[in-house]
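Okay, so here's the structure we're looking at.
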There are 2 protein chains.
Amino acid sequence: MKNDATPKTPPQAIVGFGKHDHAQCKTHGLSRAEAVCAAAKVQLTPVRRRVLEILLEAHEALGAYDVLARLAKEGLGSKPPVAYRALGFLVDNGLAHRIEKLNAYVACAHPGEAHDAAFMICRACGAVAEAEPRGMMKRTAVEVGFQIESLVIEAEGLCPDCVPKASL
Amino acid sequence: MKNDATPKTPPQAIVGFGKHDHAQCKTHGLSRAEAVCAAAKVQLTPVRRRVLEILLEAHEALGAYDVLARLAKEGLGSKPPVAYRALGFLVDNGLAHRIEKLNAYVACAHPGEAHDAAFMICRACGAVAEAEPRGMMKRTAVEVGFQIESLVIEAEGLCPDCVPKASL
DNA sequence: ATTTGGTATGTTATAACATAACAATATGAA
DNA sequence: TTCATATTGTTATGTTATAACATACCAAAT
Ligand SMILES: [Zn+2]
Ligand SMILES: [Zn+2]
Ligand SMILES: [Zn+2]
Ligand SMILES: [Zn+2]
């Protein structure tokens with residue numbers, strides 16, 4: 001409800017590696033978040049908004065307790081559930097992603113509805129880049145010069161036996 | 001029931017869903033493990049062997065502490081590091097995989113050198129099936145009737161900035 | 001104006017997962 | 001033997017995550 005004329009998603013570029021205008025990346029993320037929450041009729045409350053800002057500022061994956069420490073310094077919450085709830089909200093609404101390999105969280109590079117994503121995680125500098133899960137991202141990795149050493153692919157859902165009994 | 005009794009890995013069957021000869025699947029896994037360890041000149045010690053058996057018997061992903069509890073009942077170790085070391089050994093040698101989404105471990109469906117794998121995890125019954133990470137596994141999922149609800153793709157390695165400084 | 005229902009937050013306590021650090025033991029060359 | 005290395009045993013602690021319950025807030029509905 002602010003700068004509603006925010007572009008969908010910058011380039012389909014790989015956000016995370018190399019240099020970029022970080023301030024802009026933050027304001028963009030926030031304004032997109034406003035729009036997404038408005039559209040989904042959910043509230044981007046102060047805590048949730050601040051956690052998103054923290055992730056956007058961090059420019060790396062942050063653990064829940066890292067986020068919590070920052071919140072605590074600002075008097076916005078000091079107990080684990082506060083951080084976990086806000087992070088859960090952001091993930092559920094497609095504004096952030098959980099990185100399973102790191103037990104950590106990153107702001108989404110192209111926020112919108114909840115979506116799958118693929119990540120490239122540098123073991124040397126900790127940079128995390130989000131890509132579209134097209135192909136298997138090997139192509140993407142080659143394109144940007146990322147050297148894959150290990151790959152996690154995990155799908156959760158319903159197995160052939162359980163699909164029939166699907167109620168939920 | 002895709003149990004041809006060849007010493008090599010069965011075709012590219014999806015192990016994990018449906019019924020199969022589980023006893024055989026265990027003996028097969030163990031004999032493959034012997035071969036792999038011999039080839040790699042590493043020792044499949046009693047604890048390591050037993051942990052692999054436990055995973056093969058379980059037919060589902062087990063947490064480290066689940067494994068540890070079983071070991072403890074048999075007097076093979078009772079402290080976390082014992083389980084984590086054995087699991088680490090199995091993973092390093094391509095005999096088991098860690099499932100990040102579950103913080104759990106499964107026996108490899110086609111043991112050999114360390115390799116990447118793709119997994120389908122049923123949220124209803126807990127079954128875990130291993131597949132080749134070809135394409136992005138969406139095709140595989142459709143073929144076997146697995147209904148994907150969420151997908152994790154995470155590559156770890158070296159980013160474009162860090163590749164040049166690569167020493168290791 | 002009060003009750004009621006929904007959403008969000010605050011708090012305690014504990015569960016669940018993982019590793020650092022060091023001691024003890026075995027194994028197998030030199 | 002003696003040394004080196006690999007493995008196992010043990011203590012202690014660190015890290016991540018959630019269950020369970022209490023409170024605050026706001027917005028209808030009575
Ligand atoms: Zn995203
Ligand atoms: Zn890097
Ligand atoms: Zn495997
Ligand atoms: Zn199932």
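Within every chain, numbering begins at 1; the chains are lettered A, B, ... in the order of the sequence lines, protein sequences first and strands thereafter. Keep in mind that what you see is a predicted model, and the values were worked out from it rather than measured.
Proximity of residues 77-97 of chain A to DNA chain D (heavy atom under 4.0 angstrom from any strand atom) is restricted to A:Pro80, A:Pro81, A:Tyr84, A:Arg85. The stretch residues 41-51 of chain B touches DNA chain D through B:Gln43, B:Thr45, B:Val47, B:Arg48, each having a heavy atom under 4.0 angstrom from the strand.
Think of the region where chain A sits on DNA chain D: with heavy atoms and a 4.0 Å cut, that region ends 5' and 3' at D:dT16 to D:dA20.
Checking side-chain atoms of B:Arg32 against main-chain N and O of B:Pro111 turns up a donor-acceptor pair under 3.5 Å.
Taking the side chain to side chain donor-acceptor pair (under 3.5 Å) definition, one finds that B:Asn93 meets it with nothing, sequence neighbours left out. Residues meeting the ring-ring contact (aromatic ring centres under 6.0 Å, His included) test with A:Phe119, sequence neighbours left out: A:His97. Residues meeting the side chain to side chain contact (heavy atoms under 4.5 Å, CB included) test with A:Ala124, sequence neighbours left out: A:Cys122, B:Leu158, B:Cys162. With sequence neighbours excluded, no residue forms a salt bridge (Lys or Arg N to Asp or Glu O under 4.0 Å) with A:Glu154.
Within the structure, the salt bridge (charged side-chain N to carboxylate O under 4.0 Å, His left out) test picks out the following pairs touching residues 59-83 of chain B (sequence neighbours left out): B:Arg50-B:Glu74. Judged as a ring pair (Phe, Tyr, Trp, His ring centres under 6.0 Å), not a single pair has a partner in residues 63-93 of chain A (not counting sequence neighbours). For residues 33-47 of chain B, the pairs satisfying side-chain hydrogen bond (donor to acceptor under 3.5 Å, both in side chains) are B:Glu34-B:Arg49, with sequence neighbours left out.
Nucleic acid contact for A:Leu68: none, since no nucleic acid atom lies under 4.0 Å from a heavy atom of the residue.
The nearest heavy atom of DNA chain C to A:Leu76 and to B:Tyr105 marks one nucleotide each, and the one closer to the 5' end goes with A:Leu76.
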Between side-chain atoms of residues 100-107 of chain A and protein atoms elsewhere (two or more places apart, or another chain), which donor-acceptor pairs fall under 3.5 Å?
{"residue": "A:Glu100", "atom": "OE1", "partner": "A:Arg98", "partner atom": "NE", "Å": "3.2"}
{"residue": "A:Glu100", "atom": "OE2", "partner": "A:Arg98", "partner atom": "NE", "Å": "3.3"}
{"residue": "A:Lys101", "atom": "NZ", "partner": "A:Ser150", "partner atom": "OG", "Å": "2.6"}
{"residue": "A:Asn103", "atom": "OD1", "partner": "A:Arg98", "partner atom": "NH2", "Å": "2.9"}
{"residue": "A:Tyr105", "atom": "OH", "partner": "A:Arg98", "partner atom": "NH1", "Å": "2.9"}

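At least one side-chain heavy atom of A:Leu90 sits less than 4.5 Å from a side-chain heavy atom of A:Leu55.
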